[in-house]
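One is the number of the first residue; the rest follow in order along the sequence. Just so it is clear, the model here is predicted, and its values are computed rather than measured. As the structure lists them, so they are numbered: ligands from 1, and atoms in each ligand from 1.
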Amino acid sequence: MAVQLSGLWLPNSQLLGNFLQCPRTKPKLSSTTLSATASLSSPPPTIQIVGGKTPSWYENGNGNPNSTLDGSQIESDWVDLDADLYYWTKALRPVQWYPGHIAKTEKELKEQLKLMDVVIEIRDARIPMSTSHPQMDSWLGNKKRILVLNREDMISTADRNAWATYFARQGTKVVFSNGQLGMGTMKLGRLAKVLAADVNVKRRAKGLLSRPVRAGIVGYPNVGKSSLINRLLKRRMCPAAPRPGVTRVLKWVRFGSDLELLDSPGIIPMRISDQTAAIKLAICDDIGERSYDVADVAAILVQILTRIPSVGIKALQSRYKIDVDGQCGKIFVQKLAIHLFNGDIHQAAFRILSDFRKGKFGWIALEQPPI
Ligand SMILES: Nc1nc2c(ncn2[C@@H]2O[C@H](COP(=O)(O)OP(=O)(O)OP(=O)(O)O)[C@@H](O)[C@H]2O)c(=O)[nH]1
């Protein structure tokens, strides 16, 4: 099956809506429009994309990564993908999730902030931007802060290096960690104590006794906050499970004689204005499942994966033994449903999401540092 890919800008939301719905008939293509034509009943169609820029990783024509890509080209391909993602998500029902316990947490966290000597903000290393709370800066003000990119095992070394360089350039302290195995936790504990050391210097100068340094652990749901604390403590002190919204109450726990950690429920904005971020949260399981349509999210994930150099169309085809007819994620999910799940689209969609989350397509970040 021939797949021809080129310019990836989708300037018209109407056409983009059609793109997600995978029209049976081929819409007219303008010089800057991408469209997919595919149907379950008709022979495998060929995507015709006219004009625009060919993503560099498709330049060898078969969807395989091109090992000689230069950095700036990859960066600009990511920009194109982000732009497409913006239009794909525009066609969908907005994803919003703000259960009662998050509203309560937000209020309590603001009160507890006064007690914190240092704040440890945990983000998901696969989506460091989308797991950055838009109000965090204003809440924290000048408070000492450590940024942690957890789930470091779920991204490639190249992704890790790219983010490390990006944050280093910004002068932001960043620790990479693995909440499942404990990598990075000791460093985190040490860093928190060093950063907040002046607290006890000041206390002693006033004739007061030293006290444990207090570090508040904050971040989006399911990014690994409780797991990191449990790993540091080497005990299961905080509830941790593979779904968002497990921690429901704020809880201070003691680590040795000189550090106290606050585990907190995941927080997320009341209104997620950036819907591309919301879809990435859904893909990475960092937002409640009831807030999104699993089939829509899986369809978008397929479209993303076909565009990621280390995955591409071939990886999807060989994993599920079905053809990727162009880039239409929705049709792919439908085909998988027929092929493996008796037509059950929800199960098929869930399988794709779950395979991604388990690293079956390799460990890949869904975000690259801004240029
Ligand atoms: N692969 C991998 N999994 C991790 C890592 N850290 C945590 N997990 C897993 O992610 C899931 C969620 O971890 P939690 O510690 O419950 O996340 P949380 O941020 O406390 O979640 P909330 O309760 O929603 O706030 C668990 O199944 C962990 O085992 C990591 O670094 N790598």
Go through ligand 1 atom by atom and flag the ones less than 4.0 Å from a non-hydrogen atom of [X].
| X | value |
| --- | --- |
| Met154 | 1 (N) |
| Val246 | 22 (P), 23 (O), 24 (O) |
| Ser226 | 15 (O), 20 (O) |
| Gly266 | 25 (O) |
| Lys225 | 15 (O), 17 (O), 18 (P), 19 (O), 20 (O), 21 (O), 22 (P), 25 (O) |
| Asn178 | 30 (C), 31 (O), 32 (N) |
| Ser227 | 7 (C), 13 (O), 14 (P), 15 (O), 28 (C) |

_I'd like to check Pro221 versus Asp286 (side-chain heavy atoms, cut-off strictly below 4.5 Å). Are they in contact?_
no
Among all protein non-hydrogen atoms, which one is nearest to [atom], and what is the separation to 0.1 Å?
| atom | answer |
| --- | --- |
| atom 17 (O) of ligand 1 | Gly224 N, 3.1 Å |
| atom 29 (O) of ligand 1 | Gln180 NE2, 3.5 Å |
| atom 24 (O) of ligand 1 | Gly245 N, 2.7 Å |
| atom 23 (O) of ligand 1 | Thr247 N, 2.7 Å |

_The single option from Asn222, Ile268, Leu281 passing side chain to side chain contact (heavy atoms under 4.5 Å, CB included) against Pro244_ = Asn222
*Qualifying residue for side chain to side chain contact (heavy atoms under 4.5 Å, CB included) with Val148, from Thr185, Leu191, Ile120*: Ile120
Do the charged groups of [X] and [Y] touch, with an N to O distance under 4.0 Å?
| X | Y | answer |
| --- | --- | --- |
| Asp258 | Arg214 | no |
| Lys104 | Glu106 | no |
| Asp198 | Lys144 | yes |
| Asp293 | Arg93 | no |
| Arg145 | Asp137 | yes |

*Sort out for me which residue in Lys143, Lys193, Arg211 forms a salt bridge (charged side-chain N to carboxylate O under 4.0 Å, His left out) with Asp117.*
Arg211
For [X] and ligand 1, does the shortest N/O to N/O distance drop below 3.5 Å?
| X | result |
| --- | --- |
| Gly179 | yes |
| Leu228 | no |
| Asn150 | yes |
| Ala241 | yes |
| Pro221 | no |
| Ser264 | no |
| Pro244 | no |

*Would you please test Arg160 and Glu152 for salt bridge (Lys or Arg N to Asp or Glu O under 4.0 Å) and show each step?*
CA-CA 7 Å; Arg160 188 188 190 282; Glu152 69 163 346; 3.0 Å; yes
_Heavy atoms only, cut-off 4.0 Å: how does Cys238 contact ligand 1, side chain, backbone, both, or neither?_
neither
*If you measure from each non-hydrogen atom of Asn222 to ligand 1, which part falls under 4.0 Å: side chain, backbone, both or neither?*
both
*Are Arg271 and Tyr98 in a cation-pi setup, meaning NZ or CZ lies under 6.0 angstrom from the ring centre and within 45 degrees of the ring axis?*
no
_Aromatic plane relationship, Trp97 with His101 - under 30° parallel, 30 to 60° tilted, over 60° perpendicular_ = perpendicular
_Identity of the nearest option to atom 1 (N) of ligand 1, non-hydrogen atoms only, from Thr105, Asp153, Ile267, Ile102_ = Asp153
_Measuring from atom 9 (C) of ligand 1, which candidate in His101, Arg151, Arg248 has the nearest non-hydrogen atom?_
Arg151
*asked:* For a quick check under 3.5 Å, do Asp159 and Gln368 share a side-chain donor-acceptor pair by atom type?
replied: yes
